[in-house]
Amino acid sequence: MEQDYNPQEIEKKWQSRWNESRVFEPEPDERDKFFITIPYPYLNGNLHAGHTRTFTIGDVVARHRRMLGYNVLYPMGFHVTGTPIVGLAELIASRDPQTMDVYSRLHKIPEDVLPFLDTPEKIVDYFSVEAELAMRSIGYSIDWRRKFTTTDPTYKKFIEWQFNLLHDKGLIVKGSHPVKWCPHDNNPVEDHDILHGENATIVDFTFIKFEHDGLILPCATLRPETIFGVTNLWVNPDIEHVRIKVKQGGKEEFWVVSREAYDKLTYTDREVEFVDNVPSGSIIGIKVRNPLTGKEVITLPASFVKAGNGSGIVMSVPAHAPYDYLAIKDLYDKDLSEYGITENVRDIEFISLIEVKDFGEYPAVDAVRQLGVEDQKDPRAEEATKLVYRREFHGGVLKDNTGEYAGIAVSKIKDVLTRDLLSRGIGEIFYEFSEPVVCRCGTPCVVNMVKGQWFLNYSSPEWKDIVYRCIENMEIIPEEIRVEFKNKVDWLKDKACARKKGLGTRLPFDTEWLIESLGDSTIYMSYYITNKFFSQGVLPEQLKPSLFDYVLLGKGRVQETAADTGLDEKLIADMKADFDYWYPVDLRSSGKDLVSNHLLFFLFHHVAIFDEDKWPRAMAVNGFVSLEGEKMSKSKGPILTMKEAVGTYGADVSRMYILSSAEQTQDADWRNAGVESARKQMERFYKLAMEIISSGASSGIEGELHLIDRWMLSRLQQIVRETNNDMTSIRTRGALQNAFFLLYNDVKWYQRRGGSAVLYDVLDSWVRLMAPFTPHICEEIWSAMGHGENDFVSMAPYPIFCPEYVDNDAELAEELICNTLSDIEEIIKVTKIRPKKAVLYTSPAWKTRAFKLALKMLHEEDLDPGKLIKELMAEPENRHYGKEIPKYVQKLVPDIKSMKTGRFEMLLGFDLDEQSILRENGECLANEIGCQIDVYTADSPEYDPENKSRFAAPLRPAIYLE
RNA sequence: GCGAGGGUUGCCCAGCUGGUCAAAGGCGCCGGACUUAAGAUCCGGUAUCGAAGGAUUUCGUGGGUUCAAAUCCCACCCCUCGCACCA
């Protein structure tokens, strides 16, 4: 029977048996259901190691739950909507060298296939076939009857229904939206189109509209609250300024800004018209009105003002902005008569508006002094600015001179104040990059307002509140990321949900737009359930809204739905029954990259569309996978495809490796050396199992059990418990640590100690324990154990913790033997003597009594050394040891007190006959050490030349080597 | 900058409701057994010192709390990820 482990052969065999017997095609029944999904893959390439991790975690959870007795549904589909597949088709059609190289060399697409993948449809067809093959070859327990692609006509009907519904509920709104834009290409730029400034973000500045003689001088700021502290404006005499006409919302104004600002403004949602150039001198030295306070302030010259930042005109808040303070200082005692300024700048009084600890009245002044900043050209000025900003933002509170805003924390003021400024017409939003952005074509980019854009209204506080409630009641694995989810909901803004380009479904109420691909992937888990029916010949035009309304929402009646759609009443009723049985999603497991987008949208759409009882029950998140320390990239490499991994190492080895290499949100690093060792582990497991089977072993659990057998069974229970605990929290690494490595070591020790009676029973549990992780090899072993044709281990009951097999005494006894052995070995090592004889002295009776009494006292009352000594001395047989008792107690009490509860409970019932345990296992010890072993009790040692017996204590026999 | 997570013994990492923690497991390395030999397998070792089961110094850095800290608190340094209209 024993043969070499041949994964390819075994895996193929069991995959086809599973397929033939349809074990993974569940139908509703009386069992509890478990509906697990992972995000379907986006098909612009082959499945890779990253998918392998997420999908395998899903499969292991599915298999574990199935063996625990749940009716498990694990479905899969393919995501193809959006632009990347279209882009890829174009690149292949044009034979782009890099693309051709990456897709042939790294994605391993055969040379006779690749050039023909020149349309999106062909790409989708090719990769969906490949993906399914790969997932089958790694042994996922997927119900393939339900698969679909997001461009299926029936799926599009489902998406249309969903978007109409959201539109009707007012959750899809129209508005303007800022994007990175290349004026040369006349197109939005995506990250890969950017030459410089990939890290730039779009920042929302507030324009404060200062006024002079009907003319507006807008000043851009990130800190609108400082409007209360403005003492003057800054105008750079060396840059060009223009006067422009700005129309917005039926309002017409004249602004003065830098020429660059004028260019940028033309891309905003304002109508802008050039009027004339403005000599800088004419706007320096004038009085402008602070629109909020009504106070008049002067405009002064400053060289630090850049034409390209904001409007090119800056408001000055010297109390809180180091640059402003420095610039004012630079003007002290300067002759400004060329600008017509006769006032002394020294007379300008600083206005402090923020109270912050660590700084006095004027934080900017303090910071400049602290850092020793010289003037506005000093690089440390930047540092001082950051310092002040940080302290004020985190610890600052607005002072009384801010009127109605007094007492508000600086960190909270921006949104409130901006809203007020906007509504009063004295402020406007102006978007700007955090750093300059240059397109690949070499043109500097601008922020462009796309008008008429459709948005999912995720910023709605009411919508968010429901999502918070949903998260509150969900299980989140691991628990630590719950706060992350809440933060992200808080941060989420409206999301543009339609584009002009790509594959997908048209927005039903505005068909020139295509639904963006994250929006069409939010509630599709429900589609797996209906698609089982749709794929059997239902026509797209029969998928009327009434059908989805009835099946998914329970609205309307079967008869009406049947009449409306022309579908059979029974079919519709079955669909609804299936949906009601399987929904909601019990667990959505995903990579952590999807936390701030897909998983969030998944929640938003579920709570918007479904009743609370259909909201998802749990979400789990796992980390990324790198290759030999390098980040994977679909488009640049390196990449390891699932097909390659399985082809090289086999399904079970790949599964075992990826599941054991990292835990939960930690990132995993796929290393060849590691997979190699996983392969050896599988071989070892297989060999050991086959040895046990071919030795003719059978269940020995009913027969007479020795100490070591009871130890083995007890250990097995601990492992079973830990494995199940780990699996409940999706800690696959920990689960394998127990179910494989620790158990393997225990079995080895068991055999070494001469155990064999329960080997078969252990194997029986072990195979089932391992089946979710490495199902093929386990089926093979299971079948070798005599299970019949359709008796799959995949469907066998998973081992669960049985307390009746836990045997504390057996574990303690084994611990005694092990500890004694290692003590002897250590003595040998240190003394370098080669013992002819080893003598062991077990604890004297009085010490054992003291030990037990101490445990009992701690359990029942409080363990106090004095009390313990008193009680011990009360017993006549202890009195001879009057001198030793206090000494021993002094050591014993802290030992016992510092025990962990588990350990304490294990020892509480302590009642070992150490004498006979050591005698019975003397042979084993003798073999290990290689000399004769004598065992005496320290009460009356027959042989004790060096009086070693005095060191004997419970569970710690004294040792004398000769 | 903001938010989240992390820094442990040669490596990957477990431990982190404070005490059996010099710290599990795996890998690697060293030694041994087996073998004609290699591989596989098995056994032992793998911080330092130690002629008796012990002692000493370790868990990013620096402080602190405590009888006791890898574990708790504070500060700092470093790393990874996300910050969107892109799947």
Side-chain angles (χ1 to χ4, degrees), chain A residues 39 41-44 79-85 177-180 188 190-192 199 201-203 386 389-390 393 411 434 450 453 455-456 478 480-481 483-485 487-488 490-499 502 516-519 521 592-598 600 623-624 631 634 660-669 671 673-674 676-678 680-681 683-684 687-688 731 733-734 736-738 740-742 744-745 748 751-752 815 819-820 822-833 894-895 897-901 903 928 946 948 951 955-961:
Chain A
Y42 185 75
L43 292 183
N44 64 340
H79 190 209
V80 303
T81 33
T83 51
I85 288 178
H177 175 62
V179 296
K180 295 173 190 165
E190 292 170 18
D191 274 354
H192 57 266
N199 295 324
T201 52
I202 295 175
V203 184
K386 280 188 178 161
Y389 181 80
R390 209 168 34 226
F393 185 82
S411 56
S434 57
V450 177
Q453 174 65 268
F455 289 94
L456 280 157
E480 302 92 82
I481 59 167
V483 56
E484 174 88 351
F485 272 105
N487 288 345
K488 296 292 181 192
D490 191 35
W491 151 91
L492 194 65
K493 300 190 189 123
D494 284 357
K495 157 111 178 122
C497 65
R499 311 195 78 202
E516 190 274 329
S517 62
L518 287 173
S521 304
K592 66 181 174 188
D593 49 333
L594 301 186
V595 169
S596 59
N597 43 65
H598 166 261
L600 240 39
F624 303 128
K631 207 171 153 180
K634 269 191 202 178
S660 65
S661 60
E663 198 80 290
Q664 292 183 330
T665 52
Q666 290 169 346
D667 293 342
D669 187 22
R671 293 188 184 195
E676 250 340 294
S677 88
K680 282 186 203 163
Q681 314 292 3
E683 278 170 10
R684 251 181 253 180
K687 209 173 135 202
L688 179 58
R731 289 189 300 258
R733 185 186 160 95
L736 274 169
Q737 202 71 237
N738 279 288
F740 188 77
F741 295 102
L742 294 180
Y744 184 86
N745 288 347
K748 279 286 153 195
Q751 288 187 306
R752 185 173 159 195
E815 192 183 302
N819 287 347
T820 307
S822 64
D823 279 350
I824 297 174
E825 277 166 350
E826 177 153 4
I827 296 168
I828 292 175
K829 190 183 134 201
V830 172
T831 60
K832 300 188 179 69
I833 52 177
D895 270 5
K897 275 194 165 170
S898 64
M899 274 176 191
K900 286 188 175 171
T901 36
R903 178 73 185 167
E928 295 289 335
E946 287 187 22
K948 293 284 184 194
F951 296 119
L955 286 172
R956 195 93 209 265
I959 296 162
Y960 170 62
L961 297 186

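Residue numbering restarts at 1 for every chain, and letters A, B, ... go by the order of the sequence lines. Quantities reported herein were computed from a predicted structural model and do not represent experimental measurements.
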Item to check | Rounded distance (Å) that lies between atom P of B/A84 and atom CD1 of A/I202 | outcome: 8 Å
Checklist entry - Of all residues at least two apart in sequence or in a different chain, which pass the salt bridge (charged side-chain N to carboxylate O under 4.0 Å, His left out) check with A/K634? => result none
Checklist entry - Given Watson-Crick or G-U pairs with both distances under 3.5 Å, what dot-bracket string fits RNA chain B, with | for other-strand pairs and [ ] for crossing? => result ((((((((.[[[..)...(.....]]]((((((.......))))))(((....)))...[[[[[..)....]]]]])))))))....
Checklist entry - What is the nucleic acid contact for A/L492, judged by heavy atoms within less than 4.0 Å: base, sugar-phosphate only, or nothing? => result base
Checklist entry - NA contact type, A/H177, heavy-atom cut-off 4.0 Å: base, sugar-phosphate, or nothing? => result base
Checklist entry - Residues two or more places apart in sequence or in another chain: which of them pass side-chain hydrogen bond (donor to acceptor under 3.5 Å, both in side chains) with A/E676? => result A/R679
Checklist outcome for this item: A/Y42 meets the ring pair (Phe, Tyr, Trp, His ring centres under 6.0 Å) criterion, sequence neighbours left out, with A/H79
Checklist entry - Among all residues two or more places apart in sequence or in another chain, which pass the ring pair (Phe, Tyr, Trp, His ring centres under 6.0 Å) test with A/F455? => result A/H177
Item to check | Stepwise side chain to side chain contact (heavy atoms under 4.5 Å, CB included) test for A/R956 and A/D823 | outcome: CA-CA 9 Å; A/R956 195 93 209 265; A/D823 279 350; 2.9 Å; yes
Show me the protein contacts with nucleotides 30-33 of chain B, counting only N or O atoms at under 3.5 Å.
none

Item to check | Listed partners of A/D667 passing salt bridge (charged side-chain N to carboxylate O under 4.0 Å, His left out), at least two apart | outcome: A/K592
Next on the checklist: Once salt bridge (charged side-chain N to carboxylate O under 4.0 Å, His left out) is applied, do any residues pair with A/E825, and if so which ones, sequence neighbours excluded?
Outcome noted: none
Checklist entry - Which residues satisfy the side-chain contact (heavy atoms from CB on, under 4.5 Å) test with A/P478, sequence neighbours excluded? => result A/E480, A/I481, A/Q664, A/T665
Next on the checklist: Measure NZ/A/K495 against P/B/A87 and give the value in whole Å, please.
Outcome noted: 8 Å
Checklist entry - Taking only residues two or more places apart in sequence, or in another chain, which ones meet A/R671 in a side-chain hydrogen bond (donor to acceptor under 3.5 Å, both in side chains)? => result A/D669
Next on the checklist: Using a 4.0 Å heavy-atom cut-off to protein, can you give one letter per nucleotide of nucleotides 49-56 of chain B, 5' to 3': B if the base is in contact, S if only the sugar-phosphate is, - if neither?
Outcome noted: -BSBBB--
Checklist outcome for this item: Of B/G44, B/A87, B/G82, the nucleotide closest to the side chain of A/S596 is B/G82
Checklist entry - What is the per-nucleotide protein-contact pattern of nucleotides 4-18 of chain B, from the 5' end, where B denotes a base atom under 4.0 Å from a protein heavy atom, S denotes such proximity for sugar-phosphate atoms only, and - denotes neither? => result SS------BSS----
